[in-house]
Every structure is written in structure tokens, then in C-alpha cells.
Amino acid sequence: MSLIGIDLGTTFCAVAALDDRGRPFMVPNRDGDILTPSAVYLGPDGSAVVGGAALDLALEQPDRVATLIKRRMGRPDYDRPVSGREFRPEALSAVLLKKLAQDAAAQLGPVTGCVITVPAYFDDTRRKATMDAGRIAGLTVVDIIDEPSAAALAYSLEASGGRQPPESAARSETVLVYDLGGGTFDVTLVKLGRKRFQVLAIEGDVLLGGRDWDERLVTWAAEKFIQQCHEDPRADPQTVAHLFATAERAKRTLSKVEQTSFTVS
């Protein structure tokens, strides 16, 4: 039986566990991928599809797919109907968590509990909603941990090969952790010691991340299209889904080369 750690991200999720020697390792999903897109497709028969397949379906049936669920955590509703029904964000998040746990259990055996990471700037309402999502998914949520704190702990373990904090930690090491994700941005100042881990300060924005870069690109492309064709492509949900998919690909490409194309159709 296993205890797992879940990074419940705005755009991607990941799962990790500890081996027999206490060293962390990533647990791939059923498709063999380390990252699982944070997307949920709800079919007309009540079935659910999670991950990359849900993103593919979003291009043709955007009204049946929920994404960016994390941005709505702690609020009374998801913001729009999904497959014709209203959902609370934690209910949709629970579908994600259940799939992640099932994939992990297929490789590790029964999952006895989990730790879920959240942005450091999440307030109590959002943290409780995340905890509730885990319970709805049928998981025993051992704890909720700040994402930058988890990153700092991972840094400490990696520097020491997973055995103990590095020698430098004996005199304490102050680390500034930046966590810029798909939907949130955190900055955390932590002090790492051989036997102590202390968060000194946090700051952040729960509505700032990679998705906002995508939205800027979509807006830019749509305005260019309006100038030339006198029609807003964002009026059609399917076109919007394709625009965002194109924007994300363009963003990734521009991280590697200086120029790319953006097609609006």
C-alpha cells in the first residue's frame, strides 16, 4: 500500500511517491506520461475522460470539457455549465484526483493516502475546497502542502541525493522559491536547516500564470483577424478552443525560436 503526493496543477497534474529507500520518484499515468493535463470531459452518458484525450475532445465539444478548474477552487460554482450541468469546482477537481490515484494504484498497489500541493497564496477557503475534492474522490488526504515549500524540500533532498539536507543546511540556507505555473504565481522565502524547515514570507497571485500568456496571444490574433475580416473569431466556442490550442503551441515554439506563425480559421 502506498502514500502518494499529488501536484494538482491548473494546466497539468503530476504524481510522486517514495521508493523503499525513501527516495522520491515520479509516477507516470496509464499512458506512460509524467504529466496529466488538468482537463475533464463529461460525456452525455455520465462517463468522464481525463487528461490529453479530454483536451482533444475540447476542440470539438468545448461545452463538455472543464479546464482551469484550480482557478475556481473555493468559489460556489465552476463559472459555466459543463455538459449542460452546473458543478462546484471541487467536484470537477475530484474527477481529476480520482483518475490520478487510480493510475498510481495500477503501478504501486492500493493508495492509502495522499498529500496535495496548493499555491502558497491559497486562502483557507481554497485549501478546504482542495481537501474536500480529495475526500469526494475517495482519498484520505493526509495534508495540504504549499507548492513552493514542496519545491524547497525537493531541492534539499536532491542536493543531498535523497539522504539528508546538504552540509550547507547545517548553518541554515535561505532560499527564494519562484513558482510560476499555468494559472498561479507564488514567491516564497524559506530557511532550510538540517533539522528545521521554516517559511519566512510568501507573496503571490492566484490569477497569474501561463494561461494569461495564452489569452494575450489569443486577443492579439483575434484583433488582427477583426481588422482584416471584420468578424470576431471568439464568437464561436469551437474556434475559441482552437485559438487557445494554437496560442499554447505558439508560446512553446517561441520559447525555442524567435519567430512562428499563428493561423486563425
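Hydrogens, waters and symmetry mates are skipped; everything else that's a heavy atom, side chains included, is used.
Inter-residue side-chain proximity for Val115 and Ile6 is flagged as unmet; no heavy-atom pair is nearer than 4.5 Å. With contacts defined as side-chain heavy-atom distances shorter than 4.5 Å, the pair Lys256/Leu254 does not qualify. At least one side-chain heavy atom of Pro233 sits less than 4.5 Å from a side-chain heavy atom of Thr239. Using a 4.5 Å cut-off on side-chain heavy atoms (C-beta onward), Ser255 and Thr253 make no contact. Between Leu208 and Thr184 the shortest side-chain heavy-atom distance does not fall below 4.5 Å. With contacts defined as side-chain heavy-atom distances shorter than 4.5 Å, the pair Leu176/Val187 qualifies. With contacts defined as side-chain heavy-atom distances shorter than 4.5 Å, the pair Trp220/Glu215 does not qualify. Taking the side chain as every heavy atom from C-beta outward, Leu3 and Val142 approach each other to under 4.5 Å.
Between Leu108 atom CG and Ile4 atom CD1 the span is 7.5 Å, to the nearest 0.5 Å. Here the CG atom belonging to Leu8 is positioned 8.0 Å from the CD1 atom belonging to Ile69, to the nearest 0.5 angstrom. Atom OG1 of Thr188 is separated from atom CD of Glu147 by 9.5 Å, given to the nearest 0.5 angstrom. Atom CD of Glu90 is separated from atom CZ of Arg75 by 13.0 Å, given to the nearest 0.5 angstrom. Taking CZ of Phe12 as the start and CG of Asp33 as the end, the distance is 9.5 Å to the nearest 0.5 Å. The CD atom of Glu173 lies 6.0 Å from the CG atom of Leu192; values are rounded to the nearest 0.5 Å.
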>> If you apply the rule side chain to side chain contact (heavy atoms under 4.5 Å, CB included), what do you find for Thr140 with Cys114, and how did you get there?
In response: CA-CA 6 Å; Thr140 299; Cys114 68; over 6 Å; no

> Step by step, would you call Val190 with Thr174 a side chain to side chain contact (heavy atoms under 4.5 Å, CB included)?
Replying inline: CA-CA 6 Å; Val190 298; Thr174 301; over 6 Å; no

> What do the steps show when you test Glu60 against His242 for side chain to side chain contact (heavy atoms under 4.5 Å, CB included), and what is the final call?
Replying inline: CA-CA 9 Å; Glu60 303 300 328; His242 281 276; 4.2 Å; yes

>> Please evaluate residues Asp79 and Leu68 with respect to the criterion side chain to side chain contact (heavy atoms under 4.5 Å, CB included), reporting the C-alpha separation (whole Å), side-chain torsions for both, the decisive distance (0.1 Å), and the verdict.
In response: CA-CA 11 Å; Asp79 188 42; Leu68 305 176; over 6 Å; no

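Tracing side-chain contacts under 4.5 Å through hydrophobic residues (I, L, V, M, F, W, Y), one never reaches Ile136 starting from Leu139; they form parts of separate clusters. Follow the hydrophobic side-chain contacts under 4.5 Å out from Leu189 and you reach Leu180 in the same cluster. Val118 and Val206 fall within a single hydrophobic cluster, where Ile, Leu, Val, Met, Phe, Trp and Tyr side chains are chained together by heavy-atom contacts under 4.5 Å. Grouping the Ile, Leu, Val, Met, Phe, Trp and Tyr side chains by contacts below 4.5 angstrom, directly or via other members, places Val65 apart from Phe87. Transitive grouping of hydrophobic side chains (ILVMFWY, heavy atoms separated by less than 4.5 Å) brings Trp213 and Phe185 into a common cluster.
When only modelled atom types and interatomic distance are considered, Tyr78 and Glu86 share no side-chain donor-acceptor pair under 3.5 Å.
For Asp186 (side chain) and Ala120 (main-chain N/O), a donor-acceptor pair under 3.5 Å exists by modelled atom type. A donor-acceptor distance shorter than 3.5 angstrom exists from the side chain of Ser38 to the backbone of Gly9, with no hydrogens or angles considered. Remark: side-chain polar atoms of Ser93 are not paired, donor with acceptor, to backbone N or O of Pro89 under 3.5 angstrom. With hydrogens and angles ignored, the 3.5 Å screen pairs a side-chain donor or acceptor of Asn29 with a backbone N or O of Asp31.
Applying the side chain to side chain donor-acceptor pair (under 3.5 Å) test to pairs two or more places apart or on separate chains, those with a residue in residues 223-232 are Asp232-Arg234. Identified under the side chain to side chain donor-acceptor pair (under 3.5 Å) test for residues 203-212, with sequence neighbours left out: Arg71-Asp212, Tyr121-Glu203. Evaluation of the side chain to side chain donor-acceptor pair (under 3.5 Å) test over residues 100-109, restricted to residues two or more places apart or in two chains, returns Arg30-Asp103, Lys99-Asp103.
In the displayed structure, Asp124 atom CG is contacted under 6.0 Å by at most 12 heavy atoms of other residues, nucleotides or ligands. The environment of Arg85 atom CZ is sparse: at most 12 non-hydrogen atoms of other residues, nucleotides or ligands sit within 6.0 angstrom.
Taking Asp146 as the reference, Arg127 meet the salt bridge (Lys or Arg N to Asp or Glu O under 4.0 Å) condition, with sequence neighbours excluded. Applying the side-chain contact (heavy atoms from CB on, under 4.5 Å) rule to Leu217 yields the partners Ala247, Lys251, Phe262; only residues at least two apart in sequence or on another chain are considered.
Closest heavy-atom contact between Thr10 and Gly182: CB-C, 4.1 Å. Residues Ala152 and Val177 share a closest heavy-atom pair of CB-CG2, 4.1 Å.
Of the candidates Thr130, Thr125, Asp132, Lys128 forms a side chain to side chain donor-acceptor pair (under 3.5 Å) with just one, namely Asp132. Screening Leu100, Val15, Ile34 against Val27 for a side-chain contact (heavy atoms from CB on, under 4.5 Å) leaves a single residue, Val15.
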Show me, pair by pair, the donor-acceptor contacts under 3.5 angstrom made by side chains of residues 42-59, not counting sequence neighbours?
unit_1, atom_1, unit_2, atom_2, d
Asp45, OD1, Ser47, N, 3.1
Asp45, OD1, Ser47, OG, 2.7

